[in-house]
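Structure record follows, encoded as structure tokens.
Remember, it's 1-based here, ligands and their atoms both numbered in the order they're listed. What's counted below: heavy atoms across the whole structure, side chains too, no hydrogens, waters or symmetry copies. As the structure is a computational prediction, the values presented were derived from the model and not from experiment.
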Amino acid sequence: MKLLFEISKEGHGCDLLPALDVPEAVLPEKERRDTPLPLPQLSEIELSRHYTRLMKRTFGVNSGFYPLGSCTMKYNPRINEDMASLPGFKDIHPLQPEHTVQGCMEVFSETEKALCEITGMDAVTFQPAAGAHGELAGVLLIKAYHASRGDTGRTKIIIPDAAHGTNPASAAMAGFTVVNIPSDAEGCVDVEKLRAVAGDDTAGLMLTNPNTLGLFDKNILEITKIIHDAGGLNYYDGANLNAVMGIVRPGDMGFDIVHLNIHKTFSTPHGGGGPGSGPVGCKAFLREFLPVYQIVENEGKYSFSDPAKTIGSVKAFYGHFLVVVRALTYIRTLGAEGIRYAAIHAVLNANYMQKKLSEYFDLAYGGLCMHEFVLTLRRVKEETGVTALDVAKTLLENGIHPPTMYFPLIVHEALMIEPTETESKETVDEAIAVFKKVYDMIQTNPKQLHEMPLTTPVRRPDEVGAARNPRLKFVESQIV
Ligand SMILES: *Cc1c(COP(=O)(O)O)cnc(C)c1O
């Protein structure tokens, strides 16, 4: 497929700027370019066709089954987009005076109330731009809390080995030493190991429950108590909230801080670097440390107020506002019952699929799962040479998006599947039939799987090469 630069033709450009409605300001000579900016020139239809072609080459939630585990790639209802395109929401500027954006501040405030109710927390900041950024802000709250008490010996954060990779990264970025604890045979926290490492150097624990294996830790109250008894705080990675929202709350499980991925659980589309939002909720005793720009309401008027001992700013301005508009729309559309139903259906779909697929592939851990489950293709690889990557590519060839591969790291040849609640039984059955087809191919001719996919726009890209030597700039001589 050709790039915009290659389709470009001098004179085809279609830029139409609106009439100037402010006094014209001329840039000083020394600030100006010597040569015009080499932007591609295309007519509107050429541009439209280019992006339509690109879109057709891409597999998204709107193209078909997309069971990406640990990421909740769920359907984004269109009404969310309608609300996010209202001029009063989309045409505002972060420097506008407070009295001109009262409605937008009300959106933040209402979403804060809803998220407090859903998580069992007392206050929320919307500044963090995504989940991992929320983790960093949350871990900085832990740091500020201990520092404010003069408790400076707490330098360690405990993290289970099944954790999302961003957890240890965030703890390390905040200056903590990470202590890893292994999972037990059931895939949950090894309580005795946790008891052995918790102590007066423990700043806190970072945990997601259900964990990234899709398992709900039944010892959760004991786990959070061990940390509290040791003087540490409990941090909940809320990216897996889709399984439990409306049913059980991190605040009631003994957690003090939680980040949410509202671009996952609350339906804003993500992937491809789209805007996220990783609000952080905390219990009342941590409110004074939250990042700047907390919104307070006084007799129906909203204003910004910085918490007394704020950790400061983690991002410019207030957060990704339109993502918050979508989340509030989603929450209001579903209501308390609908939120609960979404979780119930997500868990039902995952368990149905787990049960059916266990007839063909090995489960990493048995028993009931939550929103996702993990297959291990270790035996398949040993017996036939077919890897999780081969299976993923064969699924793509057969019209469904592959699940997450090779995560969590503690499972060999992992495939992690999360169907989400919006898929019908018919769609899930079709997906199961595709997995069965792949299973049959492995039995009859395993070698053919190494060649997959055959008909997708891209077959097996050199992902390492793309990461190590990214080509980020158009250079004419490099066209091949
Ligand atoms: C997605 C995810 C994160 C990171 O969130 P980003 O928005 O991608 O930064 C953290 N923890 C878990 C369990 C996740 O699934």
### Message
Do the side chains of Lys283 and Asp122 get close enough for a salt bridge, i.e. N-O under 4.0 angstrom?
### Response
no

### Query
Should the pair Phe361 and Tyr439 be assigned to parallel (<30°), tilted (30 to 60°) or perpendicular (>60°) ring geometry?
perpendicular

### Within-cut-off N or O pair, Gly131 and ligand 1, under 3.5 Å
yes

### Message
Below 3.5 Å, N or O to N or O, backbone or side chain included: is there any such pair between Asn240 and ligand 1?
### Response
no

### Proximity of Tyr360 and Phe435 rings by center, below 6.0 Å
no

### Query
Has Met173 got more than 12 heavy atoms of other residues, nucleotides or ligands less than 6.0 Å from its CE?
no

### Query
Is Lys381 paired with Glu413 through a side-chain N to carboxylate O contact shorter than 4.0 Å?
yes

### Task
Using heavy-atom distances, let me know which of His133, Lys264, Met206 sits nearest atom 1 (C) of ligand 1.
Lys264

### Query
Considering distance alone, does some N or O of Asn167 sit under 3.5 Å from an N or O of ligand 1?
no

#### Entry: For Glu421, the option from Asn242, Asn349, Thr72 that meets side chain to side chain donor-acceptor pair (under 3.5 Å)
Asn242

### Message
Counting only heavy atoms closer than 4.0 Å, does ligand 1 sit against the backbone of Ala239, its side chain, both, or neither?
### Response
side chain

### Message
Within ligand 1, which atoms have a heavy atom of Glu135 less than 4.0 Å away?
### Response
10 (C), 11 (N)

### Region of Thr208 that comes within reach of ligand 1 [heavy atoms, distance under 4.0 Å]
neither

